[in-house]
Structures are given as structure tokens and as C-alpha cells.
Amino acid sequence: MAGAADERGPGPAAGEQLQQQHVAFQVFPERLAQGKPGQGFLSSFFTNNQKCQLMLLKTLETNPYVKLLLDAMKHSGCAVNKERHFSCEDCNGSVSGGFDASTSQIVLCQNNIRNQAHMNRVVTHELVHAFDHCRAHVNWFTDVRHLACSEVRAANLSGDCSLVNEIFRLHFGLKQHHQNCVRDRAILSILAVRNISKEVAQKAVDEVFESCFNDHEPFGRIPHNKTYARYAHRDFQNRDRYYSNI
């Protein structure tokens, strides 16, 4: 994220920038009031904000999903700075967070994130988007299939569809339950940030599902729980050591 736009070449066209700003202001109203991204860790001392900042810090320091993604971002030339790339803000509706591609910043909805486990999932989910933004030219606002692909990956790799979370949602099933959950969560995420019909969102997800569901970077596997994520992080850290010995 840091310097990523310059490294990838020219930024989005003016029309796409306006689309990005319009969507960001709809979902994250504080961005319209401020006229600029939130200031992250030092921006506010309100109770919700303080709670959000503390949970974020714990997530960044201890969560194995997040630690792997941060290492992968740095390895890809997009090192993440917690003060620059995260902002705790109030959001509209029931949205928990979002990746603002126009500023390469993750917005955490301090009025909707309920607890530490929720914060862990939201940060992981949005870091998957940030990783995709870093490694590829994603047309977030002009090609719904690009958004659909990243939403499939985020739902698949962030723990959104873990067995525990699905039980809490009272969703049960055995045959392809994980795949069905990923598909449903991806569609819901698209509808939360795009003014399109459910049919259009479903079609976009269906078109990209197979390839994007099987893209497990940077984990190398589906991290079904923290133990899997720790193993994946260990393997990622050993990649360079392995290739240097070939």
C-alpha cells in the first residue's frame, strides 16, 4: 500500500477516481465530512475510537492471519503502516469495514465492530483486498468481476466462513458448505458497496468463482483456523530460505 500507486504506474482515470470517492462517501460518511482520509491512530479520543484502536493494535501484533498478510504486503513492496493505512471511523448501516482503493486505506467501522474476534476477521478480510490491490491492477469500480474475485478470496481466506462463525449464524450443512458460504458472503459484500442487483452480483461471482476460490495466495492453503494460519505463516517465512538454497 505504501507507495503502491507509484510503483504500479499511473493511478486510476479521473472518472474512476470520482466513482471511488462517491462510493467511499456513501459507506464511510466521515470521509465526506473531513474531505480527506481519517488520521488513524492519533485522530480521536472518543470511547469507540479508543476501543477500536486498542483492538486493532492487538490484531496487528498477535493474529497469525494478519501477521502473514503484513509480511506478504512488505515482501510485495507495499509495506503497511498502521497510522497511514488504517482508520477507525463511524460507518453507515451494518458495514464492518472496507478497503478504500482511492487512498489505499482500510476503514474499520468503530460503531459496528463488536469484539476482538470480529476485529480480527475484518482486518484480515480487508488486508486480503489490500494484498490484491498491491499485487495486481484491480479495476475495483469499473469491472465488477474484479471486485467479485477479491471478495471470494477474502471470504475464503479470512475465516469469515469458519465452522464456528457459521454455527453462530445458524447455518449448517456438510456438502460443499464452505464453498456455499464463500459464495454467499462474497455476494453480500458486493451488494454492501455497489448499487447493483443481486442477480448481477451473483453472475459476477459465478463467473470468477472457480479460479478465485482456488487462489490461496499468500497463504498457500485455506487457513480454516489459527493453527492453519500459523503453519502458513511459517511456510511463507521459509520461502526465501528455501529458494536461496536451490
Side-chain angles (χ1 to χ4, degrees), residues 12-29 31-32 91-103 106-109 111-114 118 121-133 135-217 222 224:
E16 186 175 346
Q17 287 179 327
L18 288 174
Q19 285 180 300
Q20 292 174 354
Q21 292 169 358
H22 176 69
V23 171
F25 293 159
Q26 280 185 318
V27 181
F28 314 122
R31 313 216 132 208
L32 179 60
C91 305
N92 285 336
S94 59
V95 176
S96 297
F99 176 67
D100 186 350
S102 65
T103 60
I106 290 172
V107 180
L108 301 170
C109 298
N111 55 321
N112 292 329
I113 295 178
R114 301 180 298 275
H118 191 186
R121 293 196 304 274
V122 173
V123 173
T124 304
H125 184 112
E126 302 308 334
L127 276 175
V128 172
H129 293 322
F131 176 77
D132 289 345
H133 188 69
R135 69 171 181 161
H137 181 69
V138 182
N139 295 318
W140 298 101
F141 297 88
T142 57
D143 191 335
V144 69
R145 293 175 302 174
H146 285 201
L147 173 62
C149 183
S150 193
E151 291 296 357
V152 167
R153 281 177 31 76
N156 191 27
L157 301 174
S158 67
D160 283 351
C161 289
S162 70
L163 178 61
V164 172
N165 288 330
E166 283 294 271
I167 290 174
F168 276 122
R169 296 177 189 128
L170 301 180
H171 293 168
F172 303 96
L174 294 175
K175 187 176 181 181
Q176 293 192 322
H177 182 77
H178 181 76
Q179 290 91 328
N180 291 335
C181 173
V182 168
R183 190 185 303 272
D184 291 344
R185 301 295 294 176
I187 292 169
L188 288 174
S189 293
I190 294 170
L191 293 176
V193 296
R194 292 291 179 277
N195 185 24
I196 59 176
S197 68
K198 185 175 181 179
E199 289 73 23
V200 171
Q202 287 176 327
K203 183 174 184 293
V205 169
D206 288 342
E207 288 177 352
V208 303
F209 189 82
E210 184 175 356
S211 60
C212 298
F213 181 82
N214 290 306
D215 180 1
H216 302 150
E217 285 299 307
I222 298 175
H224 290 289

Would a distance-only check, ignoring hydrogens and angles, find a side-chain to backbone donor-acceptor pair under 3.5 Å from Glu126 to Ile106? no
How long is the straight-line distance from CG of Leu147 back to OG1 of Thr142, given to the nearest 0.5 Å? 10.5 Å
Taking only residues two or more places apart in sequence or in another chain, which ones pass salt bridge (charged side-chain N to carboxylate O under 4.0 Å, His left out) with Lys203? Glu207
Heavy atoms only: give me the nearest Val205-Ala186 pair and the separation to one decimal. CG2-CB, 4.2 Å
Spacing of SG belonging to Cys161 relative to NE2 belonging to His177, to within rounding of 0.5 Å: 7.5 Å
Output all residues satisfying salt bridge (charged side-chain N to carboxylate O under 4.0 Å, His left out) with Asp206, sequence neighbours left out; order by chain, then residue number. Arg183
Contacts of type side-chain contact (heavy atoms from CB on, under 4.5 Å), residue Val208, not counting sequence neighbours: Arg145, Ala148, Cys149, Cys212
Locate the shortest heavy-atom distance separating Ile187 from Ala201; write the atom from each residue and the value. CG2-CB, 4.1 Å
In Å and rounded to the nearest 0.5 Å, what is the NZ to CD1 distance from Lys198 to Ile190? 12.0 Å
Residue set satisfying side-chain contact (heavy atoms from CB on, under 4.5 Å) with His216, at least two apart, ordered chain then number -> Asn156, Leu157, Ile222
Contacts of His129 meeting ring-ring contact (aromatic ring centres under 6.0 Å, His included) (sequence neighbours excluded), chain-then-number -> His125, Trp140
The criterion is side-chain hydrogen bond (donor to acceptor under 3.5 Å, both in side chains); which residues satisfy it with Ser158, sequence neighbours excluded? Asp160
Partners of Phe213 by ring-ring contact (aromatic ring centres under 6.0 Å, His included), sequence neighbours excluded? His178, Phe209
Could you tell me which residues satisfy side-chain contact (heavy atoms from CB on, under 4.5 Å) with Asn112, sequence neighbours excluded, listed by chain and number? Cys91, Cys109
Set of residues satisfying side-chain hydrogen bond (donor to acceptor under 3.5 Å, both in side chains) with respect to Asp132, sequence neighbours excluded: Arg135, Ser150, Arg153
Rounded to the nearest 0.5 Å, how far apart are CD of Gln202 and OG of Ser197? 8.5 Å
Can you name the residues that form a side-chain contact (heavy atoms from CB on, under 4.5 Å) with Ser211, not counting sequence neighbours? none
Sequence neighbours left out, what passes salt bridge (charged side-chain N to carboxylate O under 4.0 Å, His left out) with Glu210? Give chain and number order. none
Side chain proximity check, Asp143 to Val138, heavy atoms < 4.5 angstrom: no
